[in-house]
Amino acid sequence: MSRPSASNTDTLSPSEGAQHMNIGFIGLGRMGLSLARSLVSKGEVVHVFDLNVDAVEKLEAQGARRAESVADVCQNADIIFTMLPGPKQVKEVALGTGGIIENLRSSSIYIDMSTVDVDTVDVLFQAFTAKNFIFGDAPVGRLAAHADKGESLFMLGIASEHLAKVEPILYKMGTTVYHCGKAGDGTRTKLINNMMVLCYCQINSEALVLAQSLGLDLNNTFNVLTSTTASNGQLKEKWPNKVLKGDLSPGFDLALGYKDISLASNAGASSQVALPVCDAAKNVFRMALASGKAGQDTSCLTDFWAEVNDCPKPRLK
Ligand code: NAD
């Protein structure tokens, strides 16, 4: 992974001197709305589209330009971002009838920020470059709460010669950009990142349910766990603000978590790499979904295991 010298601090302003581009943004869900809002708040012209008209209207009221279709976005933008649930929606919007590839202007750039599988991102790269368009991927790291504050991290995959056009815009949505390599390497990095994040969800949940069952003071236990090498970002930054205070609104929807751990598991299968913990965690996500927890934050795994073990739900005081 190469790391451009001006791409990893909060203090530099890599956008200085960059050429102005009209931006298109498709997919205004939990993440996309916040990312696009950051662009609008920095004075960018952003043409936005989502199947959910409420989300489009919400952003229009804050200064975005409302688009009526994917084609409408493409006709008005020099660079287009998608932030969609997964491979199916991305392929539909990018390659389907009326999609980006049919409508992109000749000099425009397309960057997918969604979390998709390796095959999907490679198919997109081949399809767009075959038509002489610039394509890259920039999946997003950190929590939804970071996206709300313009503090996201981007795992950028794109040919080096296009970095100067794309990086300045990413810096208007976040604080950190890692150039992971060629197009598709952002997605490959993101799959590994999320495999670890989602395994931690399960480990944290087992630990907290055991602590509760042993009759420990959970506040003490939480302080210990987050002060030793047992700690992890999910436990430290997410758990106290979500399940441990009883807030199960997504953050990161359990169904999207299952999608991502399945993508990592499939990547292991297709490259013949054994991933025993990842595969076990994938099944846990499946079980929690089957118990009716779709639509809740991934931290709801803690409540799931409390229910399975007939123990009180762990909460901080
Ligand atoms: P979300 O489900 O909240 O939002 C998805 C949006 O896409 C919705 O508004 C939906 O209406 C829209 N959409 C679906 N199909 C569409 C289509 N054909 N045309 C236009 N709009 C369409 O999901 P999210 O949490 O915002 O996540 C988006 C992506 O980012 C996912 O790939 C997810 O894995 C990834 N991600 C999420 C987080 C997180 O914490 N939520 C963090 C990093 C990355």
- Would Q234 and V197 count as a side-chain contact (heavy atoms from CB on, under 4.5 Å) if you check the C-alpha gap in whole Å, the side-chain angles of each, and the deciding distance to 0.1 Å? CA-CA 7 Å; Q234 290 285 301; V197 160; 3.4 Å; yes
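- The salt bridge (charged side-chain N to carboxylate O under 4.0 Å, His left out) check on D297 picks up K238, with sequence neighbours excluded.
- Of all the heavy atoms in L254 and T298, the pair that sits closest is CA-CG2, 4.0 Å.
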- Message: Would L208 and L235 count as a side-chain contact (heavy atoms from CB on, under 4.5 Å) here? Give the steps.
- Response: CA-CA 10 Å; L208 292 167; L235 184 65; 4.2 Å; yes
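- Here V93 is tied into one hydrophobic group with I26, F49, L51, V70, V73, I80, L84, V90, L95, I100, I101, L104, Y110, V116, V121, V123, L124, F125, F128, F133, F135, each link being a pair of ILVMFWY side chains closer than 4.5 Å.
- In this structure, I169 CD1 and I23 CD1 are separated by 4.5 Å, a value rounded to the nearest 0.5 Å.
- Between A306 and P314, the shortest heavy-atom contact is CB-CD, 4.0 Å.
- Between K282 and D279 no salt bridge is recorded (no basic side-chain N to carboxylate O distance below 4.0 Å).
- Residues satisfying the salt bridge (charged side-chain N to carboxylate O under 4.0 Å, His left out) criterion with E60, sequence neighbours excluded, are R66.
- Within 6.0 Å of NZ in K42 there are more than 12 heavy atoms belonging to other residues, nucleotides or ligands.
- Of all the heavy atoms in T226 and N223, the pair that sits closest is OG1-O, 3.3 Å.
- In this structure, R105 pairs ionically with D78, as a charged nitrogen and a carboxylate oxygen lie closer than 4.0 Å.
- Checked against salt bridge (charged side-chain N to carboxylate O under 4.0 Å, His left out), K242 has the following partners two or more places apart in sequence or in another chain: D247.
- Tested against F154, the residues L35, D137, T176 include a single side-chain contact (heavy atoms from CB on, under 4.5 Å) partner, L35.
- No more than 12 heavy atoms of other residues, nucleotides or ligands shown are found within 6.0 angstrom of CG on D310.
- Residues passing the side chain to side chain donor-acceptor pair (under 3.5 Å) test with Q212: none are found, sequence neighbours excluded.
- Applying the 6.0 Å contact sphere to CZ of R65 captures no more than 12 heavy atoms from other residues, nucleotides or ligands.
- Surrounding CE of M196 are at most 12 heavy atoms belonging to other residues, nucleotides or ligands under 6.0 Å away.
- Between D122 and R188 there is a salt bridge, since a side-chain N of the basic residue sits under 4.0 Å from a carboxylate O of the acidic one.
- Salt bridge K317/D217: present, at least one basic N to carboxylate O contact under 4.0 Å.
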- Message: Working note: N194 + K190, criterion side-chain contact (heavy atoms from CB on, under 4.5 Å); need CA distance, chi angles, decisive distance, verdict.
- Response: CA-CA 6 Å; N194 275 26; K190 172 71 175 170; 3.1 Å; yes
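- Shown here are the salt bridge (charged side-chain N to carboxylate O under 4.0 Å, His left out) partners of K245, two or more places apart in sequence or in another chain: there are none.
- Cation-pi geometry between R30 and F252 is not satisfied (NZ or CZ under 6.0 Å from the ring centre, within 45° of the ring normal).
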- Output, in order, the C-alpha distance, side-chain angles, deciding distance and verdict of side-chain contact (heavy atoms from CB on, under 4.5 Å) for I158 and H179. CA-CA 8 Å; I158 197 162; H179 183 215; 4.2 Å; yes
